[in-house]
Every structure is written in C-alpha cells, then in structure tokens.
Amino acid sequence: MTYERPNIREMAGYTWGEQPAQKQVIKLNTNENPYPATASVAEVLKNLRVDELRRYPQPFANGFRDVAAAAHGVSRDNIMATNGGDELLRLAITTFVDAGQTLGMAEPSYSLYPVLAAVQGCKVSRVNLEKDWSLPRDFAAQLNAADTRLTFVVNPHAPTGQLLPVSRLREIAAEFKGVLVIDEAYVDFIDPLCNYNAVPLVHEFDNVMFLRTMSKGYSLAGLRFAYGIGSASLLAPMLYKTRDSYNTDALSQHLATAALAARDEAAVNWQKVRDERGRLSAELNSMGFAVIPSESNFVLATVPDSEPTSPTSGEELAQQLYKGLKDDGILVRYFDQPRLRDKLRITVGTAQENTQLLQSLQSRLQQAQQQSDDATQV
C-alpha cells in the first residue's frame, strides 16, 4: 500500500551530481566554485556565537535584503531571501501555477524544473532550443499558446553557458503573458565586457523575477542561500503567504550578508574562473572537442568526431570518457538525454585541476583511439 499522491508515485525525482565522501577527487561535475569563500565570510564565521542559535532568526532576513537592495539599486521590498535557489523555484510554482496548469521551460535546461512541476501536479510546456542552442524567436508565443502561467529561463543557459542579451529578455517579458523567472545562478561569471545587467527589467515589468544564488559566485553552495529580485507586488504573495515561516537560518543570514557585502573580494575569483574557462575551452578545442562559447563557470564539450570507419559513436565515446575520468579520480557530468549524449559538461576548476583533467582526457582519448583501431582490424 502506498500513501503518495498519484502524481508523486508516478514521477521521477531529481538526479544529483555525484558528491563523493573522499576528498581527493577532483570535482568538476556540479558547477561549484573551485575557490573558497572570501576572508570577510571566514571572519564572520569565526565570530559567530552559539548563543544566537537559541532564538529564531529574523523572519525576512532583512539585514541581507538591505545589502542586496543596495547592491542592485532596488528597495528592500524588491528582494526575497530563500533557502537556496531551489526554494525560490518551488515557491514560484506553488504561488503562480495551480495543479493542472502549465509551467514553461526551454529544452534542454535545468533538470530540476520538470521535477518541481511534477510535485505540484502541473503540466510542462517544453520549447526546443534551435540548432545553435538559441531560443526560438517565437519562444513567448509558443508559451502563450500553451496557456503557460510561469516560465523559467536560465541565463547564462545551462547546460551550454550561452548568454541571452538583455534586449532579448525584454522582448520575452513584454510578450509573455505569465510570470517570467530569469534564473541567473551563473551571472557572476559573465565577462564584464558583455555589459550585462538585466535587473532594471523589474522596474519595467511586473511579471519579471530574477533568481540569484550565493552558491556559485560566492562559494557558498554548502550554505543554501539565494534570493529573488522582482517587483514588490510579484514577491509579496511569496513573502507573506507561501514562504516558510523562518526559511533562512541565522548563520546563513550572517554569512550571506557578509559575502554579498564583500562582492569585490569575490570578484577576484570570478576573474580567475573566466581566465581558466578561456584556457580550458581553447585546450579542449585543440584536442578535437567542440566547445560552445560559455559565459558561465562550466563548458559543454562535444566529444571529437569519430572516423567514418570507427565502431565507436559519439555517445559511446562520451560515456567512455566520463567513466575513464571517474576511474582517474575526476568527476564531470554526463547527461543521458537527447542532444547531450555525445557531450560532457565540465565545471571550470583551478589551474591545477584543469591541467590534470586535460592530461587525463588526452590519455583516455588515445586509449579510445587505440581500442577503435584494434576493433577495426579484427
């Protein structure tokens, strides 16, 4: 006998990237920042008092909201703190999409989106990306035709790392009839030369919300702290109705506030990631991979083309490389889904980690080529 709701019984849960217990593994599979949080965060952590934990935290994380509001040129009412970005996604669905209604997303995209939709019992409208991984020009029109109440657009995109310009986001916001959540989990790694800043859209549109997280750019993935930016009227139902009573704890509030206040310190590591992203992409391309230009802290690399006479397909080679790297103590991400089966998503690590990855990949490619040659001669 089962007590689950039918939609829960029938759904599949989210598949996490591997989180091994051993510390010697090189983790390039879950887009974590390879560098530690700033000295400002470490100092606040060192001075936190255990006595603070006997009281409930500030319900709205107002101290953090004020720092975030100042950082983005908005007011406190335009900021909502959440227990990680995933809570903001869940709150948006809970608040704006009823069971049986429709959630929209690009395909492929963050694989948690349809999982959260299944939990809510709502339908999913998937709009396929173009061959070059861009959004189709009629993206909003397709969503409107499906009576979509809420859509998620991750920018920079995951898993490709491609960036939509603010002008394109503005077009979508103006045309789409539902709530548009722009998931900016990787925004801190965008090249400053792109001059990207979409937050002012919240002053133009009352249906636009941004997701920002402390997990990636601020090296606080283990903390679980994020925030939303949107019009006061859009955030209010979540702030005062659907959000948990104390959804962020006292320690997280202190540390997230310190991290955001020390943005310039964190930005030093963002540039390190950008520099290594460029080196990693160039080296992979020189090895025969096809790397999509990325503005994130990861790259999506298509494995080298097989010879016409080779018995090994791109999908098989990608799986071989993924497993071979794992045997070498290096974790990357392999997605067993359409358009991604011949690709590896690789998080940008430290210079040393990236060099070790490249050396291991080169060795594994040579092994695969030798095996292919042997099989052809049989």
Side-chain angles (χ1 to χ4, degrees), residues 14 16-21 23 25 27-72 79-92 110 112 116 154 158 183-189 210-229 238-239 243-270 272-273 296-298 347-350:
Y14 178 67
W16 294 266
E18 296 168 88
Q19 299 288 348
K23 301 298 182 183
V25 172
K27 281 190 84 280
L28 305 177
N29 64 327
T30 50
N31 300 339
E32 294 148 327
N33 196 314
Y35 305 104
T38 63
S40 297
V41 173
E43 184 66 20
V44 171
L45 180 61
K46 183 177 69 175
N47 294 319
L48 287 174
R49 304 191 323 273
V50 69
D51 182 62
E52 290 189 50
L53 299 182
R54 64 188 179 85
R55 296 189 182 278
Y56 288 108
Q58 209 290 325
F60 298 100
N62 283 338
F64 175 85
R65 293 172 72 200
D66 289 340
V67 170
H72 295 294
I79 303 290
M80 181 179 68
T82 59
N83 183 12
D86 295 347
E87 187 195 24
L88 183 62
L89 299 174
R90 184 186 290 268
L91 281 171
Y110 183 25
L112 181 66
L116 295 177
V154 57
D183 184 344
E184 292 188 333
Y186 302 101
V187 69
D188 299 313
F189 304 106
F210 291 91
L211 182 156
R212 291 290 184 101
T213 179
M214 308 305 292
S215 295
K216 311 296 185 182
Y218 293 90
S219 306
L220 294 174
L223 197 67
R224 312 309 302 133
F225 200 100
Y227 59 104
I229 311 171
M238 296 186 290
L239 267 172
R243 182 181 60 90
D244 287 347
S245 53
Y246 298 97
N247 66 322
T248 60
D249 64 77
L251 300 184
S252 296
Q253 290 184 26
H254 284 304
L255 296 174
T257 302
L260 195 60
R263 183 182 184 279
D264 290 344
E265 292 181 49
V268 174
N269 288 335
W270 303 345
K272 290 180 182 178
V273 170
S296 191
N297 70 333
F298 58 83
T347 303
V348 178
T350 63

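Considering only heavy atoms from C-beta on, Glu184 stays 4.5 Å or farther from Ile229 through its side chain. Put simply, the side chain of Leu251 reaches to within 4.5 Å of the side chain of Leu53, judged on heavy atoms.
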Run Lys216 and Asp188 through side-chain contact (heavy atoms from CB on, under 4.5 Å) and show every step you take. CA-CA 8 Å; Lys216 311 296 185 182; Asp188 299 313; 5.7 Å; no

Could you give me the CA-CA distance, side-chain angles and deciding distance for Asn247 and Thr82, then say whether side-chain contact (heavy atoms from CB on, under 4.5 Å) is met? CA-CA 6 Å; Asn247 66 322; Thr82 59; 4.3 Å; yes

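The salt bridge (charged side-chain N to carboxylate O under 4.0 Å, His left out) check on Glu32 picks up Lys27, with sequence neighbours excluded. In this structure Tyr218 satisfies the ring-ring contact (aromatic ring centres under 6.0 Å, His included) test together with Trp270, sequence neighbours excluded. For Tyr246, the ring-ring contact (aromatic ring centres under 6.0 Å, His included) partners two or more places apart in sequence, or in a different chain, are Tyr56. Applying the side chain to side chain contact (heavy atoms under 4.5 Å, CB included) rule to Asp86 yields the partners Leu89, Tyr110, Leu112, Arg224; only residues at least two apart in sequence or on another chain are considered. In this view, Arg65 satisfies the salt bridge (charged side-chain N to carboxylate O under 4.0 Å, His left out) rule with no residue, not counting sequence neighbours.
Note on Glu87 versus Arg90: no salt bridge recorded, every NZ/NE/NH1/NH2 to OD/OE distance being 4.0 Å or above.
Remark: the backbone N or O of Val348 is not paired with any side-chain donor or acceptor of Asn297 at under 3.5 angstrom. Within the 3.5 Å criterion, the main-chain N or O of Tyr35 finds a donor-acceptor partner in the side chain of Ser219.
The distance from atom CD1 of Ile79 to atom CG of Asn62, rounded to the nearest 0.5 Å, is 11.5 Å. Here the straight-line distance linking atom OH of Tyr14 with atom CG of Leu116 works out to 10.0 Å at 0.5 Å rounding.
Closest heavy-atom contact between Ala158 and Tyr186: CB-CE1, 4.2 Å.
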Show which side-chain atoms of residues 252-268 pair as donor or acceptor with protein atoms under 3.5 Å away, not counting sequence neighbours.
residue	atom	partner	partner atom	Å
Ser252	OG	Asp249	OD1	3.1
Ser252	OG	Asp249	OD2	2.9
Gln253	NE2	Gln58	O	3.0
Gln253	NE2	Thr248	O	3.1
Gln253	NE2	Thr248	OG1	3.1
His254	NE2	Glu52	OE1	2.8
Thr257	OG1	Gln253	O	2.6
Glu265	OE1	Ser40	OG	3.4
Glu265	OE2	Ser40	OG	2.4

